[in-house]
Amino acid sequence: MDKPLAGMTVGITAGRRADEQARLFQSRGAATVLGPTLSLEPAGDDTLLRAATEALVERPPDYLLASTGYGMRAWLEAAGRWGLEHALLAALGHARVANRGAKAASATRGAGLAEWWRAPAERFDEVVERVLGEPLAGARVAVQLHGSALPAAVGRLSAAGASVVEVDAYQAGMPADDGPARALVAAVLAGGVAAVTFTAAPGVHNLFAVAARTDDAGALRDAFNRSVVAGCVGPVCAEGALQEGVVEPVVPERARLVPLVDAVAARLAAGR
């Protein structure tokens, strides 16, 4: 079998499906270094989540903006623990469901919710723009967040006259052990890594935060802009890289794991 990446090392910052990603690169001949920079955990304090759920059961939404498959499933699992899953699904069944991408669509479809619209480029701002094209005065909109607040999006929907209910079923943060991420930064700065992959914008920011602890954020940025390929799974993730000063992140046409690996491998092979 052809091994186009033989002799190269790829850093992987994902926590979920990192082993699968590593196998894909290894099948192309690359060595891999795992340095997780993102931890997705169910919300520790579910008081706000339960209050939002009960509010939507009491007054069902007209629109549901679904951001992530993980978040939707975590929300429904939490509702099940409270004995509210059936009531919640009945309430959401009244809504027009707008999905950010395929993973959110899979989760909502799996819950029996019909898809009304899906963002072509899998960007949440597309979902917001589409819903803003609807008559929102007096409408109720449930916004499923992705581990962090979206004040600009919520503000725009509210300004259009909607009553917005924010739902956040998980937290996106730094892994409890940042040792592997620190080791990845050191390997990049030592010139031993040809590419680093990212599957979420917070993961990009967290790698730079780790580097900043040793005053190496600038050197990390220079490495990405000089010789190290930054592979981002989709445009939202790439925005995180651009915000950190990475000039040309590699982004596949489809925001999926295999296309990400293919795109990074193609860039590395072309640069040999």
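For clarity, every value in this text was computed on a predicted model and none was experimentally measured.
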Rounding to 0.5 Å, atoms OH (Tyr70) and NZ (Lys103) come to a distance of 12.5 Å

Are side-chain heavy atoms of Leu268 and Val264 found at a separation under 4.5 Å?
yes

Side-chain contact, heavy-atom cut-off 4.5 Å: Arg28 with Val261?
yes

Looking at Pro175, is its backbone amide N or carbonyl O close enough to the side chain of Ser39 to form a donor-acceptor pair, meaning the two atoms are under 3.5 Å apart?
no

For atom CD of Glu115, decide whether the heavy atoms of other residues, nucleotides or ligands shown that lie under 6.0 angstrom number more than 12.
yes

Answer whether the closest heavy-atom distance between the side chains of Phe124 and Leu145 falls below 4.5 Å.
no

Hey, does the side chain of Asp62 reach the backbone of Ala95 with a donor-acceptor pair shorter than 3.5 angstrom?
no

To the nearest 0.5 angstrom, please state how far the CZ atom of Arg17 sits from the CG atom of Leu24.
8.5 Å

Under the side-chain hydrogen bond (donor to acceptor under 3.5 Å, both in side chains) test, which residues partner Arg256, sequence neighbours left out?
Glu122

Would His205 and Glu244 count as a side chain to side chain contact (heavy atoms under 4.5 Å, CB included) if you check the C-alpha gap in whole Å, the side-chain angles of each, and the deciding distance to 0.1 Å?
CA-CA 7 Å; His205 297 311; Glu244 293 293 350; 2.8 Å; yes

Start with the C-alpha gap between Thr197 and Val10, add the side-chain angles, then the distance that decides, and say whether side chain to side chain contact (heavy atoms under 4.5 Å, CB included) holds.
CA-CA 8 Å; Thr197 61; Val10 176; 4.2 Å; yes

Between Val236 and Val128, is there a shared hydrophobic cluster once you connect ILVMFWY residues whose side-chain heavy atoms come closer than 4.5 Å?
no

Can you name the side chain to side chain contact (heavy atoms under 4.5 Å, CB included) partners of Ala66, sequence neighbours left out?
Met72, Asn99, Ala104, Thr108, Gln144

Same apolar cluster: Phe198 and Leu257, side chain cutoff 4.5 Å:
no

Going hydrophobic residue to hydrophobic residue with side-chain gaps under 4.5 angstrom, can you get from Phe224 over to Leu38?
no

Tell me, with the steps shown, if Trp75 and Asp46 meet side chain to side chain contact (heavy atoms under 4.5 Å, CB included).
CA-CA 10 Å; Trp75 181 19; Asp46 59 12; over 6 Å; no

Do any N or O atoms from the side chain of Ser158 and from the backbone of Val154 form a donor-acceptor pair under 3.5 angstrom?
yes

Contact between Phe208 and Val185 at the side-chain level, heavy atoms closer than 4.5 Å - yes or no?
no

Check whether any side-chain heavy atom of Glu85 sits under 4.5 Å from a side-chain heavy atom of Glu77, and report yes or no.
no

Indicate yes or no: at least one non-hydrogen side-chain atom of Leu184 is less than 4.5 angstrom from one of Thr13.
yes

Any donor-acceptor pair under 3.5 Å linking the side chain of Arg267 with the backbone of Ala263?
no

Could you go through Val210 and Thr37, starting from their C-alpha distance and side-chain angles, then the distance that decides it, and tell me whether this counts as side chain to side chain contact (heavy atoms under 4.5 Å, CB included)?
CA-CA 9 Å; Val210 168; Thr37 60; 5.6 Å; no

Electrostatic pair Arg23-Glu20, nearest N-O below 4.0 angstrom:
no

With clusters defined by side-chain heavy atoms of hydrophobic residues (ILVMFWY) lying less than 4.5 Å apart, directly or transitively, does Val97 cluster with Leu56?
yes

Quick one: do the Thr53 and Trp82 side chains pair a donor with an acceptor below 3.5 Å?
no

Any donor and acceptor pair, going by atom type alone, linking the side chain of Arg140 with main-chain N or O of Pro61 inside 3.5 Å?
no

If you measure from CD on Glu54 to CG on Leu88, what distance do you get to the nearest 0.5 Å?
11.0 Å

Between Arg226 and Asp222 (salt bridge meaning N to carboxylate O under 4.0 Å), is one present in this structure?
no

Treating Ile, Leu, Val, Met, Phe, Trp and Tyr as nodes and any side-chain heavy-atom pair under 4.5 angstrom as an edge, say whether Trp117 and Leu157 lie in one connected cluster.
yes

Electrostatic pair Glu134-Arg96, nearest N-O below 4.0 angstrom
yes

State the CG-CD distance between Leu260 and Glu253, to the nearest 0.5 angstrom.
13.5 Å

Only one of Leu207, Val228, Thr9, Asp216 forms a side chain to side chain contact (heavy atoms under 4.5 Å, CB included) with Val188, so which one is it?
Val228

Do Val204 and Asn206 make a side-chain contact, defined as non-hydrogen atoms from C-beta onward lying under 4.5 Å apart?
no

With salt bridge (charged side-chain N to carboxylate O under 4.0 Å, His left out) as the criterion, how do Arg123 and Glu239 come out once you've worked through the C-alpha distance, each side chain's angles and the decisive distance to 0.1 Å?
CA-CA 11 Å; Arg123 298 167 60 101; Glu239 283 184 8; 2.4 Å; yes

